[in-house]
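Each chain gets a letter, A, B and so on, in the order its sequence line appears, and its residues count up from 1.
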There are 2 protein chains.
Amino acid sequence: LKAQIPKKQLNDALNQLERIIPNRSSNVALTQVLVQQAENGLTLSGTNTETDLEIAIAADVESPRAFVVPAQLWAQATKTLPGELVELSIKDSELTLSSGGATFKLQTGEFESYPQLSFPTHSDVLIDAKELSKSLAAVRYAAATEEYRAVFRGVQLELLPNRSRVVATDGFRLAYRDFAASNVTENGQKVVIPARNVDEIVRVLRDGEAKLTIGNGSLSVLTDRARLNVKLMDGELPDYERVIPKSFSVRLKLEVARLRESISRVAVVADKLSNNRVDFIVAGERLQLVAESDSGRAQDVLETTLDGDPGTTIGFRAKQLLEALGPMEGEVTVDLGASGAPAVFRASGDPNYLAIVVSLRI
Amino acid sequence: LKAQIPKKQLNDALNQLERIIPNRSSNVALTQVLVQQAENGLTLSGTNTETDLEIAIAADVESPRAFVVPAQLWAQATKTLPGELVELSIKDSELTLSSGGATFKLQTGEFESYPQLSFPTHSDVLIDAKELSKSLAAVRYAAATEEYRAVFRGVQLELLPNRSRVVATDGFRLAYRDFAASNVTENGQKVVIPARNVDEIVRVLRDGEAKLTIGNGSLSVLTDRARLNVKLMDGELPDYERVIPKSFSVRLKLEVARLRESISRVAVVADKLSNNRVDFIVAGERLQLVAESDSGRAQDVLETTLDGDPGTTIGFRAKQLLEALGPMEGEVTVDLGASGAPAVFRASGDPNYLAIVVSLRI
């Protein structure tokens, strides 16, 4: 084999593969990158048995030959190469990388022991890659991290004939984002992607179109550049629509950046034992934020427009508020109900995103 | 008390104090900042019993009164304040911070239980603060980190009538940097500063002049802005001058940035079991860098000017080379001797700095 590849592209592909490929494994084959010939160049693939990733790189290839080579070492070597073009060649069992006067010779692995990876050849649903990536990234924080039923530790992908959505919840807060999808089947589909696999999908998605195929316990995402299989969870989220409040006792509108800043500020003295509670005290067209603990008390005041009951006091966990507001821009609409009831957050900057945070009981 | 302080200055002082003041301690008093009146404003001080730091802040102060307040909380609150000017006031046992509409009320601590800090009122030696800071920062890496005699885990400060120097060594490498000092006593003084205390001195030093006083087991550094006491170690470094080679078999001159880059590059495949060995192979006016291990081999070539034996091969630990070259700029002169002998590194960018690395035996 002999091939020339722009260093930036090779670096980029190896960095992404390195995240998935285990650095150490009782199965040494899994620590390697598989290189194969493709239509216009090469594909680089890796797997950790939970996630498979293949990335295509355009290149001129002479005497193509598939091989495997340790992923981490190849990635590190490529990163340090001085030139802009990397020349790959294989002789016997040695891969030579040369670029700008520097040379690496790396021992290749046993090609035969590498697991067979397969990606779907057809795909059903089409989604704008940026929209899908933005949606997954926006709701991922709301998935539970531990000590919850497995299904809460993932993001539910809903491909329904009337609308498509990703949604995550841990039972105390919820986030969803809607987006457009083509070729959704008539009956629709709901699957739950483990949160760590959501991160891999987000990293793979760039421009263009993403093609989704739901297989038997796995989701495949295909783009022009990459093909990804991730494992899915069993089951689906319980009906969450019924916890979304339909009415509110007071609606506030204020600048989301200012609100975030203000929450972070007063949370400095919030009491850890009471979940870093921050209180919203609505007093006419002013929202007062207050937090306190044995060590002190903090207070800040924001201008707001107000619709509804002007004498409300409601507490939240500071961290949950900050995470819910994280993906928002522009002006946020906050719908508050009674103490202990869910509050709803929507922003002018992205009407497809909605966040719910359950308020604390007094 | 009532005072107005620019937020930036207050922030800056609290950040530096926060690094020294323990976040938790069986002696709660130690987790606090002490605030006292000074000539043109306030001083903020803290201690961890190993290091005492006092920082002066210019401010208009009404009805001055000394107090103590939890350091971490005050620092965090100040960081989040929206305005540019912070108003401090004390009522009963509560410190109020107000700025740009936000308010914090923090419980002050027991002033009486705070330890008495004392800083020298006179000082002997005068050194340009930037020079001292640059010198300490340049040699600090060469101090031993563990499993060595205590004295190797510090930086030796030498204030001698003919020259002043900081020097650190772990027995396998050595770094020193010379600088100018005024009012050095006739007999000279050598003291060893523990490495972590060196870091605190570097952080405190800025512009202007540093005044040094060596007391009983402690060093005091005074500047216009700050006063610092740090504990010293017992003893001094063994005579290191005699290990500095006086002759060489080959002298190379090359660009230090290129050399560093090249060492990092080939070190990617270096064998961890042999100390990440990188070989310098001198072949005429070219320096070849080579590293290898079971997983592969890397090679890079640099142009160099050469004086002496053109057929030398010498190995080093990659990390030691990179650390020795770290503080250098411009062109580096490398003096190589026999295998296993020390090599000397000097750079055109800073002739006051010298580094020695013992080469590996073949």
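Of the listed residues (A:P70, A:P82, A:G296), the greatest number of heavy-atom pairs within a distance under 4.5 Å of chain B belongs to A:P82. For the options A:R265, A:Q299, A:K79, A:Q107, heavy-atom pairs under 4.5 Å to chain B are most numerous at A:R265. Ranked by heavy-atom pairs under 4.5 Å with chain B, the first of A:S262, A:A102, A:S293 is A:A102.
Here CZ of B:R297 is found 9.0 Å from CD of A:E94. Values are rounded to the nearest 0.5 Å. Note that CG of B:D300 is 9.0 Å distant from CG of A:L81, once rounded to the nearest 0.5 Å. Atom OG of A:S295 sits about 15.0 Å away from atom CH2 of B:W74, to the nearest 0.5 Å.
Annotation: B:E285, atom CD; neighbour count of heavy atoms from other residues, nucleotides and ligands within 6.0 Å is above 12. Counting non-hydrogen atoms of other residues, nucleotides and ligands closer than 6.0 Å to CZ of A:R65 gives a total above 12. For NZ of B:K2, the number of neighbouring non-hydrogen atoms (other residues, nucleotides, ligands) closer than 6.0 Å is 12 at most. For B:K319, the NZ atom sits in a loose shell: 12 or fewer heavy atoms of surrounding residues, nucleotides or ligands are nearer than 6.0 Å.
Contacts between A:S264 and chain B at a heavy-atom distance below 4.5 Å involve the backbone alone (N, CA, C, O).
Shortest non-hydrogen contact noted between B:L106 and A:V269 is CD2-CG1, 3.8 Å.
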